[in-house]
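Report on the following structure.
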Amino acid sequence: LLLGVVLVYGLGFVFFGFIQGWDNVMRVLMDSRKLQYLLEESRGAFTLLNLLAAFVALRVYCWILLAAIHASMDASLGVRGSLKKGKGRGYAFLVLFVAQQIILQIGVVLLILPGIILAVWLGFALWAFAREGAGVLRSLGESARVVKGHFFNVLGRMLLVGLIGGAIMIVPLAGWLVGGAWIFLAWSLLYGDLRGPSALKVGSARRSPVAGTVPA
């Protein structure tokens, strides 16, 4: 994320250098009064850079998040395979992530209880997107569908996963990594338990010509 943000501001600095000339840029950087004047006069440009940097950071975050979800579902992918999977359909995943977070925030604003209910119903949307290859709306609907009839069971297991993960993440750095990995793995197992065999695997099994039978 940091590299993405630095890249945006670095490109902005290079662009400014080509427009203003590098000698002028260096003089501005060495003179605090000129630098302050430049910052005040370029407020609009810096606002655009801030927005672009925020978008790049969010896009990179979604890439890593989707890669982690794929890794939690299939350990055989490895780091490189997970990152490659995370790049696929990246902008659709970004839209899904933003939509899910907006809905959850609306639920929290309405009061705590609606936020909890929405968090349970939509908690597996990102996993549905990765595992089922679903679109944005279908991923949200798929998450609600698998929870239907198991709401309190799912809520209890989510709270247990969150408490254990939060306890692990009290330890700085190493705890954050281990706790985050625990939450991703537990969420994937919970979704797999609710969802059952992957639709893609089931489809492949149905086409498998083993003595002309169809697996149950």
Side-chain angles (χ1 to χ4, degrees), residues 58 61-108 113-169 175-206 215-216:
L58 183 59
Y61 175 76
C62 286
W63 173 27
I64 302 302
L65 180 62
L66 184 56
I69 290 171
H70 279 291
S72 70
M73 294 189 299
D74 185 1
S76 65
L77 287 174
V79 175
R80 183 174 298 179
S82 299
L83 290 174
K84 185 176 180 180
K85 283 272 190 180
K87 290 176 66 177
R89 304 173 66 214
Y91 289 104
F93 184 78
L94 174 61
V95 172
L96 172 62
F97 176 77
V98 172
Q100 182 202 45
Q101 294 304 308
I102 290 175
I103 294 172
L104 295 180
Q105 290 302 317
I106 291 175
V108 172
L113 185 58
I116 294 175
I117 294 173
L118 287 172
V120 175
W121 284 104
L122 305 181
F124 300 107
L126 306 183
W127 272 259
F129 180 93
R131 180 175 170 177
E132 314 303 332
V136 174
L137 295 178
R138 187 181 162 200
S139 296
L140 295 169
E142 175 67 16
S143 178
R145 190 188 70 78
V146 298
V147 171
K148 185 177 181 181
H150 309 281
F151 180 86
F152 291 104
N153 181 27
V154 172
L155 174 60
R157 294 166 75 176
M158 281 184 168
L159 290 174
L160 179 61
V161 169
L163 287 173
I164 295 175
I168 296 173
M169 295 173 75
W176 300 342
L177 294 174
V178 175
W182 153 258
I183 291 174
F184 271 91
L185 288 172
W187 231 256
S188 291
L189 290 173
L190 180 54
Y191 178 68
D193 186 32
L194 293 169
R195 180 64 180 85
S198 172
L200 297 176
K201 292 181 180 179
V202 170
S204 299
R206 290 182 182 278

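The first residue in the sequence is number 1, and the count goes up from there.
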Could you list all the side-chain hydrogen bond (donor to acceptor under 3.5 Å, both in side chains) pairs where at least one residue sits in residues 73-82, not counting sequence neighbours? Asp74-Ser76
Nearest-0.5 Å distance, NZ of residue Lys87 to CD1 of residue Ile64: 11.0 Å
Rounding to 0.5 Å, atoms CD1 (Ile106) and CG (Leu118) come to a distance of 9.0 Å
What pairs with Val136 under side chain to side chain contact (heavy atoms under 4.5 Å, CB included), at least two apart in sequence or on another chain? Val95, Leu96
I'd like to know if the side chain of Trp187 and the backbone of Phe124 have a donor-acceptor N/O pair within less than 3.5 Å. no
Can you sort out the partners of Leu113 under side chain to side chain contact (heavy atoms under 4.5 Å, CB included), two or more places apart, ordered by chain and number? Ile117
Which pairs count as side-chain hydrogen bond (donor to acceptor under 3.5 Å, both in side chains) when at least one residue sits in residues 92-105, sequence neighbours excluded? none
Which heavy atom of Leu122 sits nearest to which heavy atom of Leu140, and what is that distance? CD2-O, 3.8 Å
Qualifying side-chain hydrogen bond (donor to acceptor under 3.5 Å, both in side chains) pairs with a residue from residues 142-154, counting only residues at least two apart or across chains: Glu142-Arg145, Glu142-Arg195
Leu137: partners by side chain to side chain contact (heavy atoms under 4.5 Å, CB included), with sequence neighbours left out: none
Are Leu190 and Val161 packed together at the side-chain level, in the sense that at least one heavy-atom pair is separated by less than 4.5 angstrom? no
Show me the pairs that pass ring-ring contact (aromatic ring centres under 6.0 Å, His included) and involve residues 71-101, at least two apart or across chains. Tyr61-Phe97, Phe93-Phe129
Measure the spacing between CZ of Arg157 and CG of Asp193 and express it to the nearest 0.5 Å. 5.0 Å
Could you tell me whether a side-chain N or O of Trp127 sits under 3.5 Å from a main-chain N or O of Met73, the two making a donor and an acceptor? no
Looking at Ala134, is its backbone amide N or carbonyl O close enough to the side chain of Arg89 to form a donor-acceptor pair, meaning the two atoms are under 3.5 Å apart? yes
To the nearest 0.5 angstrom, please state how far the CG atom of Leu94 sits from the CG atom of Leu66. 11.0 Å
Does Phe184 reach the side chain of Leu65, with side-chain heavy atoms less than 4.5 Å apart? yes
May I have all residue pairs that pass side-chain hydrogen bond (donor to acceptor under 3.5 Å, both in side chains) and include part of residues 175-184, sequence neighbours excluded? none
Holding to side chain to side chain contact (heavy atoms under 4.5 Å, CB included), I want the full list of residues that pass it with Ile116, two or more places apart in sequence or in another chain. Ile112, Leu155
For Ser72, what residues pass the side chain to side chain donor-acceptor pair (under 3.5 Å) criterion, not counting sequence neighbours? Ser188
